[in-house]
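By convention in this document, chain letters (A, B, ...) are assigned in the order of the sequence lines, proteins followed by strands, and residues within each chain are numbered from 1.
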Amino acid sequence: DWSREAFTMSPQYSRAVIEHFVKLYEEGLIYRGKRLVNWDPVLHTALSDLEVLAEEEKGSLWHLRYPLADGTGHLVVATTRPETMLGDTAVAVHPQDERYKHLIGRKIHLPLTDRLIPIIGDEYVDPAFGSGCVKITPAHDFNDYEIGKRHNLPLINVFDANAALTHDVPEKYRGLDRFEARKLIVADLQARELLEKIEPHTLKVPRGDRSHAVLEPWLTDQWYVRIAPLAEPAIKAVEDGRIRFVPDNWTKTYYQWMHNIQDWCISRQLWWGHQIPAWYDDQGNVYVARSEEDALAQAQGSLNRTDVTLTRDEDVLDTWFSSALWPFSTLGWPQQTPELKTFYPTSVLVTGFDIIFFWVARMIMMGLKFAGDVPFREVYITGLIRDENGDKMSKSKGNIIDPLDLIDGIDLEALVAKRTSGMMQPHLKSKIEKNTRKQFPEGIPSYGTDALRFTFASLATMGRDIRFDLGRIDGYRNFCNKLWNAARYVLMNTEGQDTGFGPGSVEYSIPDRWIRSRLGTTIEQVRKHFADYRFDLAAQTLYEFAWYEYCDWYLELAKPSLQSDTSSDAQKRGARRTLLEVLEAYLRLLHPLMPFVTEEMWQSVAPLANRTGATIMLQPYPQDSDFPIDQAAESAIAPIKAAILGVRQIRGQLDVARSRQVPLFVKAASQEDWRLIEANAPLIGFVANVSAITAVEDENALPPTAMQLIDGHAIHAPLANLIDDPDAELARLGKRKAKTLQEIAKCEAKLGNQNFVANAPPAVVDQERARIADFRSEIAQIEEQERRVAQLKNA
RNA sequence: GCGCGCGUAGCUCAGCGGUAGAGCAUCACCUUGACAUGGUGGGGGUCACAGGUUCGAUCCCUGUCGCGCGCACCA
């Protein structure tokens, strides 16, 4: 609904954000505090835990000697970050560690400084790791910070906002970048013989998800959301089933995060975003208010004077803070609008798993808090579309495929230019260019929107990422074309004709009734697949009906009625009406997955199918009750298809052109089947290019033929009409015989197993017996045929 | 360490306690009057491996190997 487009920075939305912030603050759920945060020294902002990427990288473990203050020796501490040692305020050992416990309470002389720091005992220390001694830097490490709090250690901040060293370090190191400082400190320690050894070590390095810079735990004032009270009802909502994840396995992921959730740092030192509604007076007191006037009034009241000057907090809010309100603030919240009443909660949220924490969980928490209900009933989690190697698409990897380029196509040079411009890491340019040229030597052809959409639907398996493959979209582009041609054909045969909606009588043939029945089943299945969020199965069902039933069979089977001189007007009307009605309903059924082509075709087809409307988009979705199952027609079509298939297979396997007309001899599986074949002989003759169809009484009386067995029917075509060389037919028969013998062997093995016969359900055993009987009679027929063809050869 | 998922045809993927499937690719034939972006037919798979349950396992269970992801992490 484009009339409801919303923008998170609009004044209306901003008001909602401020209201939200103030309310949480007033309830004590937002607080400001000086704490360690993940600091991005490049972007100069704090980040939430979720924005931190921990990547495994190769580094070193430096073993440093820290001399005891009394000169009786030293302790060895291991660190991955030697430059932080200038901020150490203790060395910790495990309180039960026999090697060190007598040292607890003594002092260490911190190298390169003139400071003495205590040796403390703390359970956090793992005696088995390294030397069992840990340097403690409370201002620059999250674990050390907690230990520092437990032991009342001072916090010495040795880094500034750029992660360069501050004035709180010896003069020599001041102003140095952290990595420069590392080199110098290690060298200085080595010079003093305080470096025991350096070991290679892989460690997880925290990096910012935007800048990719190595983050620094840094002590600053930030705003936080006290999250546990909000998380609890949000967990319950999923436990109760008021919200359901599809597929269900994401529920666990959600719980795991929600149960271990930490307070959310929401302030950012960026210039873009909603500014935090907090003001400070000249003494640093904070006033949170909906407006500056309110804040001023608060300040005046609290300070008991009027000449107060306030300064607004310059920080802005984490973008996800405002996004968390999306489901209700877009509907006018905090006003109780009619929209809010009507549309909240929504039925389903469709999104990627990568923002379950960032967004989904927070919408649930805030929705429950402020809108009084869950924001949505179901969360459908899609897979991620990855590149051909299974890698996540990203600008820096240069492996992004823009959907627009698949729709419109793009030539190689333009694609290379697109992938290598505006790069944050220009040194990757030549590699990206090379890969792109290799993968898309011809660029990308234009596939169109419908093919792309249908492809993604067909790949949308539950809970699985999609590895992008041009081959699939190629096939579905062809499908669009197939449909287009089918529609063209239908129009050709119906425009300007009596399509059976008028007074003239209408007679439906077996193919007409059959395709209607099949459409009914297809509608039922597609509806079910959509209800189950199985877009892949819906797409497959739609594809198979259109191609394998409507186009491959029905359009062919309807040709005699439409084109022959012998069919009645009523039969012609029946065929035309069926062509139209089935296509029209099918277009509506397909429309959600292929919107443009279906609309275009529907505009022409619908009026002929006696249906009016401005657009297919506003038409009802097909009901299976519109096309009831016709079991009689479905049974009747089987022998007809078998006969046609038999001829096709003989032709295909003997490499015989369709243009060579052949007579047919059929030994049907039953009297009733023969009756159907005979009654539809003109139809079969037309579709399979067969001259005449005769029932076989005595197979020995036939001329030498090629034979195909289908569903118990033996379909014979005289060899003289097909080929000169009977060996080809003998080879064919031999192959079929070998296959059948294999199946017989399998059945025999099964039925020979007493346990199978005794324990398997009777229906399964019976089925197996029936199969083996069928196979045996097949063998008999094949061998008979082999004899006859061999005679021809000997003659 | 905890959690989730994946290993099925050359490639991308469905499937499932009882006859192994699709698209693309491949091979042969077919210039049929909707469509060669098409038609018909064919070839191709010890369903990762090993145990277990079962009359029967690609499917269920356990373990192993390989791959991916999320969370938490030892300085």
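In this structure, H201(A) reaches the sugar-phosphate backbone alone: every heavy-atom distance under 4.0 Å involves primed, P, OP1 or OP2 atoms, never a base. When heavy atoms are screened at a 4.0 angstrom cut-off, R467(A) is found touching the sugar-phosphate backbone but no base atom. Heavy atoms of D655(A) sit under 4.0 angstrom from primed sugar atoms or phosphate atoms, though from no base atom. At the heavy-atom level, K482(A) lies under 4.0 Å from base atoms of the strands shown. If you check every strand for non-hydrogen atoms under 4.0 Å, F479(A) touches nothing. In this structure, K746(A) reaches the sugar-phosphate backbone alone: every heavy-atom distance under 4.0 Å involves primed, P, OP1 or OP2 atoms, never a base. Across all strands shown, R660(A) has no heavy atoms under 4.0 Å from either base or sugar-phosphate atoms. Y543(A) comes within contact range of the sugar-phosphate backbone alone, with a heavy-atom separation under 4.0 Å but no base atom that close. Using a 4.0 Å heavy-atom cutoff across all strands shown, Q661(A) reaches no nucleic acid atom at all. Among the protein residues, Q563(A) comes within range of the nucleic acid bases, having at least one heavy atom under 4.0 Å from a base atom. Residue-level contact check: T461(A) touches the backbone only, with heavy atoms under 4.0 Å from sugar-phosphate atoms and none from bases. Across all strands, R658(A) comes closer than 4.0 Å to base atoms (heavy-atom distances). At the heavy-atom level, C551(A) lies under 4.0 Å from base atoms of the strands shown. Y548(A) comes within 4.0 angstrom of the backbone, heavy atoms only, and of no base.
Of the candidates A14(B), A34(B), C73(B), A14(B) carries the atom nearest the Q540(A) side chain, counting heavy atoms from C-beta on. Of the candidate nucleotides C4(B), A14(B), G23(B), G23(B) has the atom nearest to the side chain of R472(A). When distances run from any side-chain atom of R488(A) to the nucleotides U19(B), G23(B), C35(B), the shortest one goes to C35(B). Among the nucleotides U37(B), G39(B), U12(B), the one closest to any side-chain atom of W547(A) is G39(B). Among the nucleotides C71(B), G15(B), U12(B), the one closest to the side chain of R534(A) is G15(B). The side chain of N485(A) lies closest to C35(B), out of A72(B), A75(B), C35(B).
Atom pair L555(A):CG and G33(B):P shows a separation of 15 Å (rounding to whole Å applied). To the nearest angstrom, P of A72(B) lies 14 Å from CE of M258(A).
Relative ring orientation between F479(A) and F454(A) is described as tilted, the plane-to-plane angle lying within the 30° to 60° band. Between Y254(A) and F245(A), the two ring planes are tilted [angle within 30° to 60°].
A salt bridge does not link E778(A) to R776(A): none of the charged nitrogens lies less than 4.0 Å from a carboxylate oxygen.
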Which atom pairs link the protein and nucleotides 53-56 of chain B when you take only N or O atoms and keep those under 3.5 Å?
| unit_1 | atom_1 | unit_2 | atom_2 | d |
| --- | --- | --- | --- | --- |
| C55(B) | O4' | N755(A) | O | 3.2 |
| C55(B) | O4' | N759(A) | ND2 | 3.1 |
| C55(B) | O2' | N753(A) | ND2 | 3.1 |

Below 3.5 Å between N/O atoms, which protein atoms pair up with nucleotides 42-47 of chain B? Just atom names and distances, please.
| unit_1 | atom_1 | unit_2 | atom_2 | d |
| --- | --- | --- | --- | --- |
| G42(B) | OP1 | Q653(A) | NE2 | 3.3 |

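Where RNA chain B pairs in unbroken runs of 3 or more (Watson-Crick or G-U, both distances under 3.5 Å), the stems are B:1-7 with B:65-71, B:10-13 with B:21-24, B:26-30 with B:38-42, B:48-52 with B:60-64.
Within the 3.5 Å criterion, the main-chain N or O of T84(A) finds no donor-acceptor partner in the side chain of R178(A). Between the Y554(A) side chain and the A546(A) main chain, no donor and acceptor come within less than 3.5 Å of each other.
On the C1' atoms, G23(B) is 11 Å away from A14(B), given to the nearest whole Å. Taking atom C1' in both U58(B) and U46(B), one finds a spacing of 11 Å when rounded to whole Å. Taking the C1' atoms as reference points, G44(B) lies 9 Å from G10(B), given to the whole Å.
Positionally, the nearest nucleotide of RNA chain B for D474(A) lies more toward the 5' end than for the other of S659(A) and D474(A).
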